[in-house]
Structures are given as structure tokens and as C-alpha cells.
Amino acid sequence: MSPPIELAIGDRGPRWFLIAFLVTQLVEVPIYERALRERHSAPATRGAPPDGPPTADKAHPRARAARIWIAFGASTITHPIVWFAMPALTVALLEAAARRGILLPHPGWNTIVYGLLAEGFAVGVEALYLRAFRVRRALLWSVAANACSVVLGTALVRVLG
């Protein structure tokens with residue numbers, strides 16, 4: 001029998017969830033708010049130019065507040081799933097692979113698999129979310145926001161221990 005599969009992701013309790021959630025929002029909301037400023041007034045059809053210039057509500061305080069709330073919603077949807085469900089899903093997938101004789105060369109790779117699954121999920125869902133709000137290059141914005149929050153979050157975990 002092989003040893004249990006573990007992920008080197010540290011404490012996943014409520015206290016760290018709140019810290020990670022706050023860091024994620026502090027990093028991703030400004031990025032997504034910027035992306036929302038660049039959206040078009042109507043969704044473009046595939047291969048066609050966008051319908052009109054970018055929206056002109058950039059300076060209006062209520063429009064900015066709305067963009068911030070929309071931006072806040074993106075990782076609010078994904079963060080609890082990444083934090084609480086993805087570790088268990090990753091372990092279940094790795095255990096199923098191990099039962100079939102598929103083993104990773106080093107236990108550290110388990111965490112890499114988790115990162116790829118969790119962040120891939122977050123990037124994909126957040127890009128779809130942004131696309132629903134007519135954000136151009138939604139996937140690129142989502143990759144940028146998530147990469148920034150992962151890098152900063154990982155650095156903070158290393159510092160705060």
C-alpha cells in the first residue's frame with residue numbers, strides 16, 4: 001500500500017482562508033476593474049469588430065463602484081472552491097491515478113498538480129465571468145490577475161509562515 005497523498009499547501013483553515021481571500025481581492029480587484037474599463041458597449045460577434053468604442057462611463061463614480069463590485073465578484077465565485085474543494089479533488093484524482101499505477105516522480109509534484117488544477121479552474125471561470133460583462137481579452141486579464149495573486153500570496157505565505 002502506498003503512503004497517503006499529501007499536498008504541500010499548508011493550513012487551509014478559516015483564518016488562512018480569510019487572509020488569502022483578502023490578499024486575492026486586494027490584488028485581483030484593481031486588475032479586473034481596469035479590464036472592465038476597457039469593455040465594449042455591446043459584445044462583438046466572432047470575427048467582427050466590436051460594436052462601437054469602449055464605454056464612456058470611466059469617470060463616473062457610480063460606474064467605477066459598479067466595476068469594483070463586478071471585479072470583486074470574479075474571485076468571490078472561485079476562491080472558496082479553489083481553497084476548500086480543489087485540494088480534495090486533486091488528492092482524489094492522484095489517488096485514482098496511483099491505483100492505476102500512475103505515480104508522480106516526486107511528492108512535490110502533487111502540489112504542482114493541485115496548482116495547475118486550481119488555478120486553471122480559477123482562470124477559466126473568471127475569464128467566462130469577465131466575458132459575460134463584455135471584457136475584451138478576458139482570458140488574458142484572468143491569467144494576469146491570477147498570476148499576480150498567486151505570486152504575492154505564495155510570497156506572503158513564505159514570509160508569514
Side-chain angles (χ1 to χ4, degrees), residues 7-94 109-160:
L7 305 175
I9 55 176
D11 180 6
R12 303 299 276 185
R15 176 176 162 255
W16 281 103
F17 170 81
L18 290 174
I19 292 169
F21 182 73
L22 289 173
V23 168
T24 299
Q25 295 298 359
L26 288 171
V27 171
E28 292 185 13
V29 165
I31 294 169
Y32 286 149
E33 193 273 335
R34 174 72 171 88
L36 287 157
R37 278 189 266 158
E38 298 301 314
R39 66 186 168 170
H40 286 280
S41 58
T45 57
R46 188 176 198 109
D51 184 22
T55 56
D57 66 359
K58 296 175 187 174
H60 195 282
R62 288 179 63 188
R64 183 165 191 263
R67 287 192 309 272
I68 289 170
W69 279 110
I70 292 168
F72 182 80
S75 54
T76 299
I77 294 167
T78 60
H79 198 268
I81 296 166
V82 165
W83 192 265
F84 294 112
M86 284 299 190
L89 174 64
T90 302
V91 168
L93 289 171
L94 291 170
W109 283 72
N110 296 343
T111 304
I112 292 170
V113 170
Y114 161 74
L116 292 172
L117 288 173
E119 291 305 318
F121 165 79
V123 164
V125 169
E126 291 172 23
L128 289 172
Y129 176 84
L130 292 173
R131 196 69 195 128
F133 289 98
R134 300 185 303 272
V135 170
R136 294 185 312 148
R137 298 183 301 272
L139 182 60
L140 182 63
W141 284 107
S142 183
V143 167
N146 281 278
C148 290
S149 65
V150 165
V151 168
L152 181 61
T154 301
L156 283 174
V157 165
R158 299 253 187 245
V159 170
L160 299 176

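These numbers come from the heavy atoms of this one structure, side chains and all, not from hydrogens, waters or symmetry mates.
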Inset, instruction - Mind checking the CG-CG spacing from Leu152 to Leu26? Nearest 0.5 Å is all I need. - result: 9.0 Å
Inset, instruction - Please examine the side chains of Leu89 and Tyr114, heavy atoms only from C-beta on, and report whether any two atoms are closer than 4.5 Å. - result: no
Legend entry - Glu38 side chain reached by Val135 side chain, heavy atoms, under 4.5 Å: no
Legend entry - Heavy-atom closest contact (Ala118 atom, Val82 atom, distance): O-CG2, 3.5 Å
Legend entry - Heavy-atom side-chain contact between Leu139 and Arg131 under 4.5 Å: no
Inset, instruction - Report the relative orientation of the aromatic rings in His79 and Trp83; use parallel for angles under 30°, tilted for 30 to 60°, perpendicular for over 60°. - result: parallel
Legend entry - Non-hydrogen side-chain atoms of Leu117 and Leu93 separated by less than 4.5 Å: yes
Inset, instruction - Check whether any side-chain N or O of Tyr129 sits under 3.5 Å from a backbone N or O of Ile70 as a donor-acceptor pair, and report yes or no. - result: yes
Legend entry - Distance, nearest 0.5 Å, that separates CD of Glu28 from CH2 of Trp141: 13.0 Å
Inset, instruction - May I ask you to test the Thr90-Asn110 pair for a side-chain heavy-atom distance under 4.5 Å? - result: no
Inset, instruction - May I ask you to test the Arg67-Phe133 pair for a side-chain heavy-atom distance under 4.5 Å? - result: no
Legend entry - Shortest non-hydrogen contact between Pro80 and Phe17, atoms and distance: CA-CE1, 3.9 Å
Inset, instruction - Would you name the heavy atoms of Ile77 and Ile81 that are closest together and state the gap between them? - result: O-CD1, 3.7 Å
Legend entry - From Ile31 atom CD1 to Leu36 atom CG, the distance as rounded to the nearest 0.5 Å: 12.0 Å
Legend entry - Spacing of OG belonging to Ser142 relative to CD belonging to Glu119, to within rounding of 0.5 Å: 9.0 Å
Legend entry - Any donor-acceptor N or O pair under 3.5 Å, side chains Ser75, Glu126: no
Legend entry - Heavy-atom pair with the smallest gap, counting every atom of Cys148 and Val27: CB-CG1, 3.6 Å
Inset, instruction - Mind checking the CD-CG spacing from Gln25 to Leu22? Nearest 0.5 Å is all I need. - result: 8.0 Å
